[in-house]
Amino acid sequence: MQAEGPRRDLTVGIGARPGVPAEELTALVGAVLAEAGLPLAAVRALATVDARAREPGLRAAAALLGVELLAYPPAVLASVPVPHPSDTVLAAAGTPSVAEAAALAAAGPGGTLAVPKRKAAPADGGAARATCAVARRAAPHDNSTQPTVRTHEETTP
């Protein structure tokens, strides 16, 4: 009997400026997971604010990681309590948190923040163009994932 891989119980919330490349996002996700001792194979989805769901870099990052990309409206993200809200993010995105709130929203009821938001460290030393946070799902779930993009509206009745 073959051993099963890790449970896909992690969701990664991504906050990103327009035009951020997939390579920068996947490097950030990989570094944050490695620093926390969490396996990349346990990630089931990337999640973000719906205004960024069509960004080529985010879509490509999800495809490279082999996970779906979930998107939520600012009002949904604003309703998620987070430890590190930001007035700057509120002014730009209409919610005080994207990375932490999206990770928790995608984790579902009972989800917990495993890694608070972390900023990217671009190789050129410039300003961070992305943040990510990691949440862990509480409920049992299906281990299958398909690379796709779903908005919050598509998942509600």
Side-chain angles (χ1 to χ4, degrees), residues 1-72 76-77 80 82-84 86 89 93 95 97-152 154-155:
M1 178 147 101
Q2 193 172 9
E4 287 186 30
R7 263 184 43 163
R8 286 187 164 254
D9 63 348
L10 301 177
T11 57
V12 178
I14 301 285
R17 292 179 188 252
V20 67
E23 297 75 22
E24 187 172 329
L25 295 172
T26 56
L28 174 61
V29 170
V32 166
L33 291 170
E35 178 183 305
L38 298 169
L40 183 60
V43 174
R44 63 173 292 281
L46 298 184
T48 193
V49 65
D50 59 6
R52 295 288 182 258
R54 301 290 182 234
E55 278 291 318
L58 262 161
R59 294 171 65 92
L64 287 168
L65 296 171
V67 299
E68 63 184 329
L69 176 61
L70 305 175
Y72 299 91
V76 169
L77 297 181
V80 178
V82 296
H84 304 101
S86 165
V89 175
T95 174
S97 172
V98 173
E100 290 176 337
L104 288 165
T112 57
L113 201 58
V115 181
K117 79 176 168 187
R118 299 279 194 269
K119 291 182 181 180
D124 64 6
R129 296 185 294 180
T131 59
C132 83
V134 182
R136 186 177 305 275
R137 290 172 53 108
H141 59 280
D142 180 332
N143 278 344
S144 67
T145 59
Q146 296 178 7
T148 186
V149 174
R150 274 192 292 146
T151 64
H152 178 70
E154 293 171 326
T155 62

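These figures come from a predicted structure and were not determined experimentally.
- The salt bridge (Lys or Arg N to Asp or Glu O under 4.0 Å) analysis of residues 103-115, with sequence neighbours excluded, yields no pairs.
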**Message:** Evaluate Leu10 against Arg44 for side chain to side chain contact (heavy atoms under 4.5 Å, CB included), listing each step before the verdict.
**Reply:** CA-CA 6 Å; Leu10 301 177; Arg44 63 173 292 281; over 6 Å; no
**Message:** side chain to side chain contact (heavy atoms under 4.5 Å, CB included), that's the test. Do Thr11 and Val134 meet it? Break it down for me.
**Reply:** CA-CA 6 Å; Thr11 57; Val134 182; over 6 Å; no
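- Ser86 places a side-chain N or O within donor-acceptor distance of the main-chain N or O of Val89, the cut-off being under 3.5 Å.
- Looking at Arg59 and Leu64, their side chains never come closer than 4.5 Å, going by heavy atoms from C-beta outward.
- Of all heavy-atom pairs spanning Ala128 and Lys119, the tightest one is CB-CB, 3.9 Å.
- Nearest heavy-atom pair, Gly111 versus Leu104, reported as atom, atom and distance to 0.1 Å: O-CD2, 3.8 Å.
- Using a 4.5 Å cut-off on side-chain heavy atoms (C-beta onward), Arg17 and Arg52 make no contact.
- Under the 4.5 Å side-chain criterion, counting only non-hydrogen atoms from C-beta, Leu25 is in contact with Val20.
- Counting all heavy atoms, side chain and backbone alike, Leu70 lies closest to Ala106 at CD1-CB, 3.8 Å.
- Judged as a side chain to side chain donor-acceptor pair (under 3.5 Å), and not counting sequence neighbours, the contacts of Arg136 are Asp9.
- Judged purely by atom type and a 3.5 angstrom limit, Thr48 has no side-chain atom pairing as donor or acceptor with the backbone of Gly15.
- Here Leu40 pairs with Val29, Leu33, Val43, Leu65 under the side-chain contact (heavy atoms from CB on, under 4.5 Å) rule; sequence neighbours left out.
- Here the shortest heavy-atom pairing between Ala62 and Leu69 reads CB-CB, 4.0 Å.
- In this structure, CD on Glu68 lies 9.5 Å from CG on Leu46, to the nearest 0.5 angstrom.
- For Ala101, the side-chain contact (heavy atoms from CB on, under 4.5 Å) partners are Leu77, Val80, Val82, Ser97, not counting sequence neighbours.
- For Pro116, the side-chain contact (heavy atoms from CB on, under 4.5 Å) partners two or more places apart in sequence, or in a different chain, are His84, Glu100, Leu113, Arg118.
- Side-chain N or O atoms of Thr26 include none that pairs as donor or acceptor with a backbone N or O of Ala61 at under 3.5 Å.
- Across all their heavy atoms, Ala103 and Ala135 have their closest contact at O-CB, 3.4 Å.
- Checked against side-chain contact (heavy atoms from CB on, under 4.5 Å), Ala36 has the following partners two or more places apart in sequence or in another chain: Leu38, Val115.
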